[in-house]
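Only one structure is covered here, and it is reproduced in the block below.
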Amino acid sequence: MRVAIVGGGISGLSAARRARELGGEAVVFEQGPRAGGMLRTERVDGFVIERGPDSILTTKPAALEAAEALGLAPRIVRTAIRGAHVVRAGALVPVPKGFQLVAPADLDALERSGLMSAAGMARVREEPNVAPRDASVEDESLGSFVRRRFGEELLTRLAQPMAGGIYGADPDKLSLRATMPRFLDMELAHGSVIRALQATAAGGAADAQGARYGLFISFDTGIGTLAEALVSDVQSGERTELRLDAAVKNCRRVGGHYEVMGERFDGLVVALQGWRAAALVSDFGAELAQALAAIPFGSGAIVTFGLDESQLDKPLDAAGFVVPAAEGREIMASTYSSAKWAGRAPAGKALLRAFLGGHTHGHVAEWDDARLQAVAWRNLRELVGIKGEPELVRVDRWRRVMPRYHVDHLRRIEAIERMVSEYPAFSLAGNSYRGVGIPDSIRSGQRAADQVFAAAG
């Protein structure tokens, strides 16, 4: 069986590898001059600069399994420092011990942090007495959930920036079932999220600050190492082929085959963002294209700075910080790359990344480099304490690449999957559907190949 895979990101590359494992042949069409999607690492003058994501969460095994299969296991590294800060009135405050993304396990630590007012803290302490939602309600927005269980202040000061640092979405639209279902399940199972988290912490599952920092990994030469290994594997395979600068305009279904760039294939995997996939399948699936185009996406930008450690007012003592939208800043988060990972900067140097955008400032992706650099540097200078000017700057824009999983997202995806099943040997892959992380994307590609070959019998 010969399969066309449109999209050379990690989902598409993973689909190609799985197709080969299943005894088939695969041709990957990538519209740009390089494959690997958002996973890209630049290495220059001793700096290891991530131009996209910088870590993998290991609670989902697909990425670890892929790394091991590609011989990368000895090159895995874990975070060198734990803990993060949140901005409160222009100052960096440590995220309280026991706080997990949207909810606290240690109420005393939350109160000592100074992040909450007396009234806000009193409302949080009432959470165990709040009645759980009706079990028949399948989904709820993050904003509604946190507001209902903990109050507006906890949402504004902690839950929104913590979740926003991952999804960059409006908390009153973000689906909790599609992104963090364990909190919905905790409420129903324990009647209280606080009681559920405390029970988990008593079992030793939470670390000193409630975030699972020890479960994040990268590679000794950056996260791009994984993408580079995937590309090399596909290019060197006897039954897999990677074609760069191959912009596919549309895919056609001709008889029992699919036609891509004038060639006929037995199966087809489209591994692109939903809105891009919509344009490719419209020729044979108009209703499917309409559903794919309706998946919302956000934009953002990353500005990376290299500097001398002497420019810092104090050493970097955390993995980074997040910024509540209520602070009114264009920056939504920052990662201290040289503190978070060993070997990311030469001795005596520091490497910091600033993330701009989110649901309140998605337009920043349209700013020019000079404006992005100036705004990001000003925010870091004010919040972290930096003198002088950077010696290295990199600007990356990501336009319409971050899917927004709005309430009832999974129901919409189920409808899309039913439409996809109507077309033999056809599937979709990518982060638009059932997970935005690197393991999700890899598994998505593998699953897509499985479905195509299963349909072929």
Side-chain angles (χ1 to χ4, degrees), residues 34 36-56 75-85 87 92 165 213 216-228 300-323 329-358 361 364-365 367-398 438:
R34 58 169 293 277
M38 294 181 69
L39 272 64
R40 179 187 169 203
T41 303
E42 179 186 0
R43 305 165 186 102
V44 58
D45 297 331
F47 288 101
V48 178
I49 306 163
E50 302 293 7
R51 309 299 297 266
D54 79 337
S55 60
I56 296 168
R75 301 179 61 183
I76 290 174
V77 296
R78 297 187 181 272
T79 47
I81 194 169
R82 300 188 180 193
H85 292 156
V87 176
L92 296 180
Y213 298 102
F216 287 94
I217 63 165
S218 182
F219 300 93
D220 53 0
T221 53
I223 206 75
T225 303
L226 177 59
E228 293 156 7
I302 306 171
V303 188
T304 303
F305 299 102
L307 57 147
D308 196 277
E309 287 182 343
S310 64
Q311 294 178 248
L312 297 166
D313 287 349
K314 60 179 181 179
L316 301 173
D317 59 353
F321 64 83
V322 294
V323 185
R329 292 180 178 269
E330 301 89 348
I331 186 173
M332 58 186 290
S334 174
T335 297
Y336 306 154
S337 298
S338 55
K340 185 177 179 180
W341 307 104
R344 290 321 194 237
K349 304 294 181 179
L351 189 68
L352 287 77
R353 300 207 301 165
F355 301 83
L356 297 89
H361 290 86
V364 301
W367 290 355
D368 62 26
D369 285 7
R371 186 177 182 186
L372 283 167
Q373 177 181 338
V375 169
W377 187 247
R378 171 177 55 79
N379 277 272
L380 290 178
R381 191 173 61 241
E382 293 171 356
L383 295 171
V384 180
I386 303 175
K387 302 179 289 290
E389 297 298 326
E391 62 182 60
L392 175 149
V393 180
R394 293 293 185 273
V395 176
D396 292 287
R397 293 174 185 78
W398 295 105
I438 294 171

Can you measure from [atom1] ([X]) to [atom2] ([Y]) and round to the nearest 0.5 angstrom?
| X | Y | atom1 | atom2 | result |
| --- | --- | --- | --- | --- |
| Ile76 | Phe219 | CD1 | CZ | 5.0 Å |
| Arg394 | Gln373 | CZ | CD | 11.0 Å |
| Ile217 | Ile56 | CD1 | CD1 | 4.5 Å |
| Arg40 | Arg34 | CZ | CZ | 6.0 Å |
| Arg82 | Asp317 | CZ | CG | 15.5 Å |

Do Glu228 and Arg43 meet the salt-bridge criterion of a basic N to acidic O distance under 4.0 Å? yes
Please step through side-chain contact (heavy atoms from CB on, under 4.5 Å) for the pair Leu380 and Val303, ending with a clear verdict. CA-CA 11 Å; Leu380 290 178; Val303 188; over 6 Å; no
Might you work through the side-chain contact (heavy atoms from CB on, under 4.5 Å) test for Lys340 and Ser218, ending with a clear yes or no? CA-CA 10 Å; Lys340 185 177 179 180; Ser218 182; over 6 Å; no
Heavy-atom check, side chain of [X] versus side chain of [Y], under 4.5 Å:
| X | Y | result |
| --- | --- | --- |
| Leu312 | Leu307 | yes |
| Asp54 | Phe216 | no |
| Arg397 | Asp369 | yes |
| Asn379 | Val323 | no |
| Ser337 | Phe47 | no |
| Tyr336 | Val384 | yes |
| Thr304 | Glu42 | no |
| Thr221 | Thr41 | no |

Where do [X] and [Y] come nearest, in terms of heavy atoms and distance?
| X | Y | value |
| --- | --- | --- |
| Pro53 | Ile438 | CB-CD1, 4.2 Å |
| Ala227 | Gly36 | CB-CA, 4.0 Å |
| Ala354 | Leu356 | O-CD1, 3.7 Å |
| Ala339 | Ala318 | CB-O, 3.8 Å |
| His85 | Leu92 | ND1-CB, 3.8 Å |
| Ala350 | Leu316 | CB-CD1, 4.4 Å |

Mind running side-chain contact (heavy atoms from CB on, under 4.5 Å) on Thr79 and Trp341 for me, showing each step along the way? CA-CA 5 Å; Thr79 47; Trp341 307 104; 3.7 Å; yes
Judged by atom type as modelled, is there a donor-acceptor pair below 3.5 Å linking the side chain of [X] to the main-chain atoms of [Y]?
| X | Y | result |
| --- | --- | --- |
| Ser338 | Leu351 | yes |
| Asp308 | Gln311 | no |
| Arg353 | Glu50 | yes |
| Glu330 | Ala376 | no |

Count the heavy atoms belonging to other residues, nucleotides or ligands that lie under 6.0 Å from CG of Asp45, then report whether that count exceeds 12. no
One pair to check against side-chain contact (heavy atoms from CB on, under 4.5 Å): Val364 and Met332. What are the steps and the verdict? CA-CA 12 Å; Val364 301; Met332 58 186 290; over 6 Å; no
